[in-house]
Asker: 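Got a structure for you, written out below as structure tokens; questions coming shortly.
Counting begins at 1 with the first residue of the sequence. Below, all heavy atoms of this structure are taken into account, side chains as well, without hydrogens, waters or symmetry copies.
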Amino acid sequence: AIFNHDAKFPDNAYLSMGAGLDLSLYSDGANAQIFADNGSLTLDAAGDIILDADGGDFKFRDGGAGFFTISNSSLDAVLTVGQQNEDFIVKGYDGASLITALTLDMSNGGNATFNKDIFLGDNAAARFGAGQDLAIFHDGSNSTIRNTTGQLFVGSTTSNTWIKGV
């Protein structure tokens, strides 16, 4: 059939394509679905692909099980791992090798494991504690460890503790 204008279907009707009806669009009047029963579904546009969810969530599923959600919370982007005790893993290519750059361990309170060094620029601090009571920073010329509450202990579980100039 050739249409030169709108094609309208009632609620609970499918628009199916392919010899095996491999691609279908469906609407029940409240929700819509796209089914690709064979292979992959590719969205390819000459311009941008814009996803606009007035519910504020983009939910990723595999076999019906949710594993990742991108949410809008007062215009803050919130990334949520959807399964209990599963990790958030950031991977990328270093040359030709796929590496794990960062792992956030959700089964251990979100502990962060970096594959390599953490770099902070001059006058930036690594801060520790709820009140940021301990800070380690470098101002471009000098390095400082600053403790603003309690005592600062430097110790070793082995036989000696050394503070040494190089």
Side-chain angles (χ1 to χ4, degrees), residues 18 22-24 31-166:
D22 304 327
L23 177 65
S24 299
N31 297 293
Q33 296 175 327
I34 299 173
F35 301 97
D37 294 333
N38 281 352
S40 301
L41 175 65
T42 301
L43 301 176
D44 187 358
D48 297 330
I49 295 176
I50 299 169
L51 303 175
D52 186 353
D54 285 345
D57 296 318
F58 297 95
K59 300 178 180 185
F60 294 81
R61 307 279 183 263
D62 185 5
F67 65 91
F68 187 66
T69 302
I70 301 172
S71 300
N72 171 14
S73 176
S74 300
L75 298 179
D76 291 330
V78 178
L79 309 177
T80 304
V81 175
Q83 295 293 319
Q84 186 174 13
N85 293 328
E86 294 298 330
D87 297 340
F88 184 85
I89 300 169
V90 177
K91 293 187 176 195
Y93 282 91
D94 183 359
S97 300
L98 180 65
I99 63 159
T100 299
L102 169 65
T103 300
L104 300 177
D105 185 350
M106 300 307 170
S107 66
N108 198 8
N111 281 357
T113 302
F114 293 86
N115 186 45
K116 204 160 185 289
D117 301 334
I118 301 170
F119 293 96
L120 298 175
D122 289 343
N123 298 307
R127 299 182 186 273
F128 304 89
Q132 301 182 24
D133 306 319
L134 176 67
I136 302 172
F137 57 95
H138 180 75
D139 66 9
S141 299
N142 301 295
S143 298
T144 304
I145 299 174
R146 182 177 295 148
N147 181 46
T148 61
T149 187
Q151 297 178 4
L152 175 63
F153 296 98
V154 178
S156 173
T157 59
T158 61
S159 60
N160 296 311
T161 300
W162 300 90
I163 298 178
K164 181 179 174 182
V166 181

Asker: If I compare all heavy atoms of G150 with all of N147, which pair ends up nearest, and what's the gap?
Answerer: O-ND2, 3.5 Å
Asker: Which residue pairs pass the ring pair (Phe, Tyr, Trp, His ring centres under 6.0 Å) test with at least one member in residues 34-65, sequence neighbours excluded?
Answerer: F60-F68
Asker: In Å and rounded to the nearest 0.5 Å, what is the CG to CZ distance from D105 to F88?
Answerer: 13.5 Å
Asker: Do you know the tightest heavy-atom contact between L120 and A126?
Answerer: CD1-N, 3.6 Å
Asker: So, S71 versus T69: side-chain donor-acceptor pair below 3.5 Å or not?
Answerer: no
Asker: Taking the side chain as C-beta and beyond, is there a heavy-atom pair between M106 and N85 under 4.5 Å?
Answerer: no
Asker: Would you list the pairs meeting side-chain hydrogen bond (donor to acceptor under 3.5 Å, both in side chains) in which at least one residue belongs to residues 72-82, sequence neighbours left out?
Answerer: none
Asker: Do I34 and L23 pass the side-chain contact (heavy atoms from CB on, under 4.5 Å) test, and can you show the C-alpha distance, the side-chain angles, and the key distance before you say yes or no?
Answerer: CA-CA 7 Å; I34 299 173; L23 177 65; 3.9 Å; yes
Asker: Could you give the distance from CG (D94) to CD1 (I99), rounded to the nearest 0.5 Å?
Answerer: 5.0 Å
Asker: Identify the heavy atoms of T161 and G155 that sit nearest to each other, and give their distance.
Answerer: OG1-C, 3.6 Å
Asker: CZ of F128 to CD1 of I136: how many Å apart, nearest 0.5 Å?
Answerer: 4.5 Å
Asker: What verdict does the side-chain contact (heavy atoms from CB on, under 4.5 Å) test give for I70 and V78, after you've listed the backbone C-alpha separation in whole Å, the side-chain angles of each residue and the deciding distance to 0.1 Å?
Answerer: CA-CA 6 Å; I70 301 172; V78 178; over 6 Å; no
Asker: Do other residues, nucleotides or ligands put more than 12 heavy atoms under 6.0 Å from R146 CZ?
Answerer: no
Asker: Are the side chain of T103 and the backbone N or O of T113 linked by a donor-acceptor pair below 3.5 Å?
Answerer: no
Asker: Check L41 against A36 and note the closest heavy-atom contact, atom names and distance.
Answerer: CB-CB, 4.1 Å
Asker: Among pairs that include at least one residue of residues 126-144, which meet side-chain hydrogen bond (donor to acceptor under 3.5 Å, both in side chains), considering only residues two or more places apart or in two chains?
Answerer: H138-S143
Asker: Is the number of heavy atoms from other residues, nucleotides or ligands within 6.0 Å of CD1 (I89) greater than 12?
Answerer: yes
Asker: What's the separation between atom CG in D87 and atom CG in N108, rounded to the nearest 0.5 Å?
Answerer: 9.5 Å
